[in-house]
Amino acid sequence: MNKSFDIGLEQLTGTAGVSMGNSVSTKYAGDGTEAAVPDRLRGTFFLETFGCQMNDHDSEKVAGVLLSRGYRQVESPESASLVLYNTCSIREKAAQKVFSRLGEFRVKQNEGRIIGVLGCVAQQEGEDIFERAPWVSLVCGAASYRKLPELLARVEAGNQRVTGLDTDTDETFETEMTRRDNPWRAYLTIIEGCDKACSYCVVPYTRGPERSRASDAILREVRQLAELGYSEVQLLGQTVNSYKDPTTRGMRFSELLLAVADEPGIRRVRFTTSHPSDFTRDIVDALDAQTKLCNHVHLPVQSGSTRVLRAMQRTYSREEYLEKIALIRSAKRPISITTDIIVGFPGETEEDLRETLSLLDAVQYDGIFSFKYSPRPHTPSLAMSDIISEEEKSRRLAVLQEKQREIQTKKYSALVGETFELLVGGKSRRENQWSGHTSCHRVINFSSQEPALLGKYVQVRVTGATPNCLVGEQAP
Ligand code: 5AD
Ligand code: SF4
């Protein structure tokens with residue numbers, strides 16, 4: 001996995017938030033005689049997030065809803081009266097994590113704590129969660145977050161087994177208040193759900209059909225963000241470039257990009273994730289016309305074999321994907337391209353894998369996120385035969401990653417001596433060491449004698465490179 005590209009996707013296999021560790025002191029009576037929450041914990045919530053940037057941002061909005069209801073956020077489940085897990089089910093490993101978290105309450109009393117499961121596992125498992133973990137009282141999928149205040153009110157009133165599991169909404173999750181984690185870079189969802197039907201993917205089931213936000217609401221929020229001091233916005237959607245403005249203005253995605261970049265105070269605009277079939281020339285024209293649009297496109301290919309792409313129902317062939325790459329490469333400035341790849345899809349042959357490897361040679365990606373195929377409930381590929389063993393999937397993954405490592409070794413060493421503008425987002429514990437993102441979304445760790453750089457834009461010269469890491473120093 002590529003560590004120097006921070007597009008949040010690596011979190012699909014990790015967790016964000018505070019881990020419960022082994023020192024949980026919460027207790028679950030299991031006999032219905034729960035102790036009341038101690039007074040000092042009243043009105044507090046703990047929220048742990050798993051999965052992608054969409055989940056991270058949903059959690060920022062959920063936190064906003066709770067704060068506006070008078071709750072206070074705390075850093076551990078032990079100090080909270082309301083414990084929420086915002087879950088991911090894209091692969092089995094991610095989905096299992098929440099059950100291990102919930103399992104920690106099995107042997108202990110929850111002292112009257114309210115425990116809720118949100119997000120994709122909530123949608124996928126529904127009321128079965130109450131059977132597996134009877135100490136849970138709220139199960140709410142992402143498509144029902146609009147109802148969260150109402151659902152919370154029911155839980156607070158003492159109702160057990162409160163659910164929000166509809167996906168037939170045409171509404172998006174709008175809140176009065178969002179509690180953002182980062183003071184300089186803001187996430188902003190412009191389209192929710194997904195209307196594609198990739199045969200391996202649980203997202204259309206867990207997040208429901210595609211719903212685009214009104215362009216005027218998006219631009220209003222961008223204006224507010226700029227006034228609050230945010231200079232970088234990242235537009236989010238499972239298929240962000242499938243955006244269709246529901247208002248009479250009827251803005252195309254590329255027009256929205258330009259309008260967001262035009263808001264005073266905004267210096268960088270990112271967008272993720274793009275679907276190849278909806279990646280059209282006007283997006284490249286917008287990148288050419290406006291350099292505030294970051295020079296990075298994340299364009300998941302999933303496989304280099306047309307045969308496998310057909311089985312995956314990806315709606316494009318290898319050749320059509322390569323045409324999109326040529327379109328991006330025709331831009332006036334270099335654009336970094338990253339991708340997602342799945343190995344070991346049912347029926348994938350050695351020849352199919354070779355085609356994926358040769359696609360890596362052809363595209364020369366700046367980074368890849370690669371995954372072993374994981375069978376998911378409610379997906380068409382679950383019924384496919386010709387299953388590849390876990391061992392073989394691991395072997396294929398290693399071959400793929402080694403190929404990409406070779407490509408990146410060359411690409412990254414060629415960057416030594418170049419200077420990039422970084423938005424500084426991190427300060428190391430080591431003195432005078434900082435980190436930041438380039439417009440093309442590479443992370444560079446660099447040294448500088450300046451005392452306060454967080455949130456600032458600086459020029460950094462690259463002085464060293466490994467396949468996964470760039471280091472540099474602030475340029476004069
Ligand atoms: N198995 C493995 N990887 C998957 N992804 C989506 N569904 C699955 C699955 N069932 C990957 C795809 C997608 C990324 C977010 O997760 O590569 O682009
Ligand atoms: Fe899943 Fe395909 Fe939709 Fe992406 S485009 S969220 S992979 S169904």
Side-chain angles (χ1 to χ4, degrees), residues 1-2 5 7-14 50-56 88-96 119-121 123-124 142-143 167 189 191-212 236-243 271-279 297-305 308-316 321 324 337-348 356 359-360 365 367-384 387-388 390 392-394 396-397 400-401 404:
M1 184 149 304
N2 187 335
F5 262 95
I7 57 174
L9 289 166
E10 63 262 56
Q11 290 181 13
L12 290 172
T13 52
F50 303 83
C52 63
Q53 290 152 316
M54 296 284 286
N55 265 14
D56 284 339
C88 170
S89 66
I90 195 102
R91 282 172 291 278
E92 196 182 351
K93 242 193 197 161
Q96 277 166 355
C120 295
V121 175
Q123 192 65 48
Q124 182 187 296
T167 52
T189 300
I191 171 169
E192 290 177 13
C194 180
D195 274 357
K196 305 281 191 266
C198 304
S199 59
Y200 53 81
C201 185
V202 75
V203 167
Y205 181 85
T206 54
R207 286 192 168 265
E210 194 180 284
R211 289 102 61 205
S212 291
L236 296 179
Q238 304 293 341
T239 55
V240 73
N241 56 328
S242 313
Y243 177 80
F271 54 93
T272 199
T273 291
S274 296
H275 192 285
S277 298
D278 296 329
F279 205 93
V297 174
H298 184 61
L299 201 69
V301 64
Q302 313 299 358
S303 168
S305 151
V308 174
L309 289 170
R310 293 269 180 263
M312 289 177 162
Q313 289 165 213
R314 277 298 284 182
T315 70
Y316 53 83
Y321 180 87
K324 302 292 179 178
I337 305 177
T338 53
T339 202
D340 293 344
I341 294 176
I342 299 174
V343 294
F345 188 76
E348 183 189 66
T356 299
L359 186 96
L360 292 197
Y365 289 108
I368 66 166
F369 295 84
S370 46
F371 311 103
K372 289 189 276 184
Y373 167 71
S374 169
R376 306 308 298 133
H378 315 287
T379 60
S381 64
L382 198 59
M384 290 180 186
I387 302 301
I388 315 281
E390 277 308 304
E392 177 59 13
K393 282 189 225 172
S394 299
R396 293 184 189 185
L397 190 69
L400 183 79
Q401 290 178 343
Q404 179 61 18

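Read the numbers this way: they start at 1 and go in the same order the structure lists the ligands and their atoms. Worth saying up front: this structure is predicted, and the values here are computed from it rather than measured.
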Ligand 2 atoms in contact with [X] (distance to a heavy atom under 4.0 Å):
X      : value
Pro204 : 8 (S)
Cys194 : 3 (Fe), 5 (S), 6 (S), 8 (S)
Arg314 : 2 (Fe), 5 (S), 7 (S)

Legend entry - Under 3.5 Å donor-acceptor, Tyr205 side chain and Pro377 backbone: no
Legend entry - Ile191 backbone acceptor or donor facing Ser212 side chain under 3.5 Å: no
Closer than 4.0 Å to some heavy atom of [X] - which atoms of ligand 1 meet that?
X      : result
Tyr373 : 1 (N), 2 (C)
Lys372 : 1 (N), 2 (C)
Ser374 : 1 (N), 2 (C), 9 (C), 10 (N)
Arg376 : 10 (N)
Ile342 : 3 (N), 4 (C), 5 (N), 12 (C), 17 (O)

Inset, instruction - Could you tell me whether any N, O or S atom belonging to His275 is less than 2.8 Å from atom 2 (Fe) of ligand 2? - result: no
Inset, instruction - Taking all non-hydrogen atoms of both residues into account, name the closest pair between Pro276 and Lys324 and its distance. - result: O-CE, 3.2 Å
To the nearest 0.5 Å, how far apart are [atom1] in [X] and [atom2] in [Y]?
X      : Y      : atom1 : atom2 : result
Thr315 : Arg310 : OG1   : CZ    : 9.0 Å
Thr239 : Asp278 : OG1   : CG    : 6.5 Å
Gln238 : Cys52  : CD    : SG    : 5.5 Å

Among all protein heavy atoms in this structure, tell me which lies nearest to [atom], with the distance rounded to 0.1 Å.
atom                    : answer
atom 1 (Fe) of ligand 2 : Cys201 SG, 2.3 Å
atom 7 (S) of ligand 2  : Tyr200 OH, 3.3 Å
atom 2 (Fe) of ligand 2 : Cys198 SG, 2.3 Å

Legend entry - Under-4.0 Å heavy-atom contact with ligand 2, by part of Thr239 that carries it: side chain
Legend entry - Part of Pro300 within contact of ligand 2 (heavy atoms, under 4.0 Å): neither
Legend entry - Identity of the nearest option to atom 17 (O) of ligand 1, non-hydrogen atoms only, from Lys93, Gln238, Gln302, Glu92: Gln302
Inset, instruction - Using distance alone, decide if ligand 1 has a nitrogen or oxygen within less than 3.5 Å of any nitrogen or oxygen in Arg91. - result: yes
Legend entry - Mutual orientation of the aromatic rings belonging to Tyr200 and Phe345 [parallel < 30°, tilted 30-60°, perpendicular > 60°]: perpendicular
Inset, instruction - Determine whether the side chain, the backbone, both or neither of Phe371 has a heavy atom under 4.0 Å from any heavy atom of ligand 1. - result: side chain
Legend entry - Validation row: Pro204, Lys196 side chains within 4.5 angstrom (heavy atoms): no
Legend entry - Modelled atom types, side-chain donor and acceptor of Glu348 and Ser305, under 3.5 Å: no
Inset, instruction - Test side chain to side chain contact (heavy atoms under 4.5 Å, CB included) on Thr356 and Arg396 and set out the steps. - result: CA-CA 11 Å; Thr356 299; Arg396 293 184 189 185; over 6 Å; no
Inset, instruction - Please test Cys194 against His275 for side chain to side chain contact (heavy atoms under 4.5 Å, CB included), starting from the C-alpha separation and ending with a verdict. - result: CA-CA 11 Å; Cys194 180; His275 192 285; over 6 Å; no
